Every structure is written in structure tokens, then in C-alpha cells.
Amino acid sequence: MTDIFFGSLISGKIFRIILALCTLVFFISLIHRDIQTDENWLGEQSYWFLQEGQVKLKSIPFILNWSEEFLVYHKGIIWIGAVTILVFGWSVYSLKIITLVFFLVSVYIILLLLRKYDTAVRFMALLLLITVPLMFLRSFEFRPEVFVMSFGLASYFFISKYFQFQSVKFLILSATLAALAFLCHLNGVIFCVSGFLILVFRSQFKNALVFGIICAPIASVYFWPLIYYNNLGEWWNNLRNWPSHSFSSQVDQGVWGFILKLITEHKRFFWGPEVIGISVLFLLSLITRLKYLWKNHSLIVLYLTINIVALALLGSHKASRYLVYHLPFMAVIISLALTSINKGKNLLVKYVFSAAILLELSFFFFQAYDTFEKKRNHSLIHRELSEHIEKNSSVIAPWNFIYNEIDNYDIYNFKTYEYLQEQRDEPFTALEILEDLNERQVDYLILNRIMKEERRNWFKGWDIPQNTFFKEVFRTNEYLILKRNG
């Protein structure tokens with residue numbers, strides 16, 4: 001019974017039903033998805049780069065001169081964002097869709113990598129990828145991870161082609177794409193490292209040098225503007241004095257810091273439900289089929305191993321979100337392992353894998369449910385709120401208000417006070433913030449339901465202290481708008 005169920009689960013009728021259902025849920029979930037914080041962060045940077053030729057964060061005006069010039073940014077994704085806005089207009093959906101396009105390109109590359117296997121193997125890898133809750137979210141969020149993943153996966157695809165055909169054009173393409181991954185996020189350096197070292201381990205020393213020589217000038221584009229405008233020192237100062245202590249503490253690390261990062265890398269794989277399912281399947285695949293995988297698929301196993309170690313040592317955070325870089329490789333390896341297991345007769349192994357696959361699917365559907373619960377038509381909501389706010393006035397609001405109102409108001413966001421609060425011994429009070437906003441002549445204040453319900457928010461319960469600075473002008477269950485007196 002276990003044997004029959006396992007076979008159907010990974011390649012039979014049950015598999016086809018699950019694949020169709022999960023794919024349908026994935027695409028339906030895209031409509032009115034919630035806006036993640038970094039989509040505001042990166043979207044605004046892209047907008048001002050297109051409008052004024054410089055990356056800025058005008059909604060955070062009191063931090064490190066960010067409203068005039070923002071130096072620490074992911075150049076590749078900001079350029080992609082600016083071009084997307086230029087072509088399709090200012091909308092969070094334009095930025096989300098370009099991310100989805102890159103994700104679908106990655107899916108296509110996975111299918112190419114597995115094209116010599118039967119359809120079930122290829123689509124099992126696809127199912128494994130889209131049912132990872134982390135990927136389910138990131139595939140439709142304008143953030144660097146999917147862009148880095150796509151360029152990195154394409155780099156691996158072409159270096160595998162190089163080993164197959166020994167054609168230098170594939171080596172050049174691989175190196176170029178690895179460097180582009182770096183430009184989208186500094187963590188993308190892991191693909192430069194992996195490409196170089198995989199050539200070294202295969203005794204291709206001369207070509208490893210060629211790979212590095214191609215990568216270096218393209219990747220160095222990140223630093224050219226900083227050097228040209230003599231901003232490299234200021235860039236480093238921004239990194240070291242980032243207003244969030246959790247970030248700045250990652251910058252200066254000694255040898256022990258690197259050792260600690262390496263021996264704690266497993267935390268990234270088991271951070272939470274968003275990655276546990278795929279990590280369990282990956283670990284089981286290595287435990288039960290490492291000999292088979294190494295014998296038949298050593299290139300991808302070695303490449304991913306180098307990637308994991310490189311990210312452990314060079315990554316900026318021990319955050320699960322960066323596991324996105326590894327997920328396509330993990331999905332391919334797991335699907336190959338499942339094919340081997342299906343041909344075997346070990347019922348215990350099949351039982352354990354069946355349970356692990358069902359665990360992964362349960363995490364996926366829980367995430368899907370949460371995503372559907374958070375759906376909002378933000379463009380419509382913001383348009384309705386704007387009816388109660390005078391055009392061209394200054395507004396402090398939840399950051400996503402920039403979509404699509406950035407042209408109509410001077411918008412500030414509450415992240416400013418989160419950063420300022422980290423520099424204080426005591427948290428702000430609501431009255432202090434209102435007084436400060438009045439002094440800065442901010443005309444309107446928009447509070448949302450999340451701020452109302454957050455336990456540590458300054459305006460918890462929308463409890464507005466008696467003051468002479470602001471008065472209430474609009475209220476619903478979701479939003480409260482205050483207007484400055486005078």
C-alpha cells in the first residue's frame with residue numbers, strides 16, 4: 001500500500017491532482033496580494049532613480065541624508081525597477097509582475113536542466129519549488145532574492161553546458177550571469193565564488209581564471225559610481241552606522257564571526273514553516289541517496305555545496321529569505337532522489353518521504369490561506385483615502401501609501417520613527433511624535449488597523465492623547481486620518 005501511494009504521490013494520479021491544485025492556488029493568490037515592506041523600500045528607490053537620476057528615500061527624511069542621496073542600494077534590482085516603471089508606469093503590480101517573470105524564467109531553466117528525464121521528474125521539481133511557502137511569497141514580491149536566484153541558476157545552467165560541450169561561449173555567459181546576480185544583491189557573490197571554485201575542483205584552472213576575469217569588471221560596476229563621486233567612504237560609513245542595530249552589527253566581524261556563521265548555517269534551513277518542509281526533504285535526500293546523487297549528479301551537488309558554504313561565510317544575514325538562492329537546486333536534487341527511491345523497494349524510506357511531502361504541502365496551504373486572508377486592493381484603498389486629504393500636502397502614512405500616491409503628496413512613513421527610536425534610550429510616546437510632526441509641518445497622519453492592533457505601537461488602539469496639534473477628520477474600521485491644526 002505504501003509503495004503504491006508513494007508512486008502515485010510523486011508521479012501518478014495523486015501527483016497530477018496536487019500539481020494542478022497548487023498551481024491554481026498559486027496563480028489565484030497573485031490577485032491583490034499584500035505589499036511587503038521591502039517592496040515599498042525598493043519601489044521608492046527605483047521611482048526616484050528614474051525621476052531624478054539619483055536613488056533616494058524621500059519618505060525617510062531624517063536618516064543619514066537618505067532623502068537627498070541613498071548610497072547603500074542593490075543596483076541591479078533598482079535599475080530593473082526603474083526600467084519597469086518607465087515602460088509600464090508606477091504601480092506595485094508592475095514591479096511584482098517583473099519579479100514573477102524572472103521566477104518563471106527560473107522554472108523554465110529547471111525544466112531545461114531536467115529535460116532528459118520524464119515529465120513527472122520535471123514537474124515534481126516544479127511542484128517542490130512552488131509549494132515552498134518562502135518561494136510562494138517571494139515569487140511575487142519586488143525584492144532581490146528571485147532576481148539573484150534567476151541569474152544564479154542561469155549561471156549554473158551555462159556552466160553545466162560548458163562542462164558538457166567545452167565551449168568558451170558558455171563559460172562567458174555563466175560568468176556574466178553570476179556577476180549580474182551580484183549586482184542585484186551583494187550576496188549574489190556566492191554564484192561568482194561557486195562558478196570559480198567548481199572550475200578549480202574540476203582542475204580547469206585556466207578557465208577558472210577566465211571566469212574570474214569576466215566576473216570582476218561586471219561586478220565592479222556596483223562600486224564605479226561610489227568611486228567616481230568619491231562616495232566609497234560614505235557608503236561604508238552608512239553600512240557601519242545603519243540605523244537598525246541588527247544590520248550594522250553584521251558588518252564588522254572577526255575570524256570567530258565567520259566560524260560562528262559557518263557552524264550555525266543550519267538555522268537558515270530550519271528557520272520556520274516557510275522553509276522547514278523543503279529542508280527536511282533535502283536532508284532526507286542526502287541521507288538516503290547521497291551515493292547515488294554524487295555518482296550521477298555530482299556537478300549540481302558540488303555546486304550547491306559550495307553555494308551553501310559561501311552564503312554561510314559571506315551572507316549579510318542568517319535569514320531564511322536568502323535560502324531562495326538554493327531552492328531551485330534543492331528542488332532538482334530532491335526530485336532526482338525521489339525518482340531513485342521510487343525504483344527501490346525500501347518501504348520505510350518511501351513512508352518517511354511521503355510524510356515529508358505531505359508536511360511540505362500542509363505548510364504551503366497554511367501559507368496560501370494566510371496570503372488570501374491578507375489580500376487588499378491597495379490602489380483602490382489609497383485612492384479612497386486620498387479623497388480626505390488635500391492634494392500636494394505632506395502626509396505621514398503606512399509606507400505602502402506611496403502606491404499610487406507618490407505623485408500627489410509629500411509622503412513620509414513611520415519607519416523614520418522606528419529608526420530614530422533605536423537611537424534613544426526610551427521609546428517615543430504618541431504625544432512626542434505628534435509634537436515632532438507638528439514642528440516639521442506634516443499636514444496629515446494616516447494610521448491603519450495594523451498600528452491599532454500592534455502591542456508596542458505608539459498609537460496602539462488608536463489611543464490619541466489630548467493635544468493641540470492634530471484633530472481627527474476621518475475614521476473607518478481600517479483607517480484613521482488626523483489633520484494638523486492651523
Side-chain angles (χ1 to χ4, degrees), residues 72 74 132 134 144-145 148-149 152 155-156 159 178-179 181-203 205 208-209 211-212 215-216 219-220 222-223 232-233 235-276 278-287 290 293-294 298-330 333 422:
V72 185
H74 309 305
V132 178
L134 178 67
E145 290 83 21
V148 174
M149 177 194 77
S155 177
Y156 169 77
I159 208 166
F182 174 81
L183 288 178
C184 287
H185 194 291
L186 296 185
N187 284 348
V189 71
I190 67 174
F191 292 103
C192 300
V193 171
S194 295
F196 177 83
L197 289 181
I198 203 81
L199 289 161
V200 170
F201 290 151
R202 291 293 179 96
S203 300
F205 302 111
L209 182 61
F211 187 93
C215 271
S220 66
Y222 181 94
F223 298 100
L232 195 58
W235 172 83
W236 181 245
N237 181 62
N238 272 222
L239 272 178
R240 296 187 64 184
N241 295 284
W242 200 262
S244 172
H245 299 314
S246 61
F247 178 87
S248 59
S249 62
Q250 300 282 330
V251 177
D252 292 319
Q253 299 185 84
V255 174
W256 171 245
F258 284 104
I259 295 172
L260 190 62
K261 288 173 74 173
L262 184 60
I263 63 178
T264 59
E265 180 61 14
H266 62 280
K267 292 181 179 180
R268 193 189 311 277
F269 290 80
F270 297 95
W271 193 269
E274 71 273 19
V275 291
I276 285 177
I278 191 75
S279 297
V280 168
L281 282 166
F282 180 61
L283 185 61
L284 288 172
S285 297
L286 295 181
I287 291 172
L290 181 58
L293 291 168
W294 184 255
S298 61
L299 183 65
I300 192 170
V301 172
L302 180 58
Y303 189 92
L304 178 56
T305 302
I306 298 170
N307 246 9
I308 290 171
V309 174
L311 184 61
L313 295 174
L314 304 175
S316 54
H317 289 284
K318 193 68 67 184
S320 62
R321 61 181 177 270
Y322 299 133
L323 198 66
V324 167
Y325 310 151
H326 303 328
L327 290 180
F329 303 97
M330 293 167 66
I333 288 171
E422 290 210 37

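Predicted model, so just to flag it, every value in this text is computed and none were measured.
Taking every heavy atom of both residues into account, Leu262 and Ala312 meet most closely at CD1-CB, 4.0 Å. The nearest pair of heavy atoms linking Ala181 to Gly152 is CB-N, 4.1 Å. Residues Ser285 and Leu281 approach most closely at OG-O, 2.8 Å, considering heavy atoms. When all heavy atoms are compared, the tightest approach of Leu134 to Ser320 is CD2-O, 3.1 Å. Closest non-hydrogen pair, Ala179 versus Ala219, comes out as CB-N, 3.9 Å. In terms of heavy atoms, Ala310 sits closest to Val193 at CB-CG1, 4.2 Å.
The line from CD1 of Ile159 to CZ of Phe211 is 5.0 Å long, rounded to the nearest 0.5 Å. The line from CG of Leu304 to OH of Tyr325 is 14.5 Å long, rounded to the nearest 0.5 Å. Rounding to the nearest 0.5 Å gives a distance of 10.0 Å between CD1 of Ile300 and CG of Asn307. The OH atom of Tyr156 sits 7.5 Å away from the CD1 atom of Ile198 when rounded to the nearest 0.5 Å. Annotation: the span from Cys184 atom SG to Phe191 atom CZ amounts to 11.0 Å, rounded to 0.5 Å. The NZ atom of Lys318 lies 7.5 Å from the CG atom of Leu311; values are rounded to the nearest 0.5 Å.
Side-chain contact check for Val148 versus Asn187: every heavy-atom pair is 4.5 Å or farther apart. The shortest side-chain heavy-atom distance between Phe270 and Val275 does not fall under the 4.5 Å cut-off.
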Practice item. For the pair Val301 and Phe329, evaluate side chain to side chain contact (heavy atoms under 4.5 Å, CB included) and give the outcome as yes or no after the intermediate values. Key: CA-CA 8 Å; Val301 172; Phe329 303 97; over 6 Å; no
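Phe269 pairs by the side-chain contact (heavy atoms from CB on, under 4.5 Å) definition with Glu265, Ser279, Ile308, Leu323, His326, Met330, not counting sequence neighbours. For Phe282, the ring pair (Phe, Tyr, Trp, His ring centres under 6.0 Å) criterion is met by no residue, not counting sequence neighbours.
Between His74 and His185, the ring planes are parallel. Angles under 30° get that label, and only those over 60° would be called perpendicular.
Checked by atom type and distance alone, the side chain of Arg268 pairs as donor or acceptor with a backbone atom of Ala319 at under 3.5 Å.
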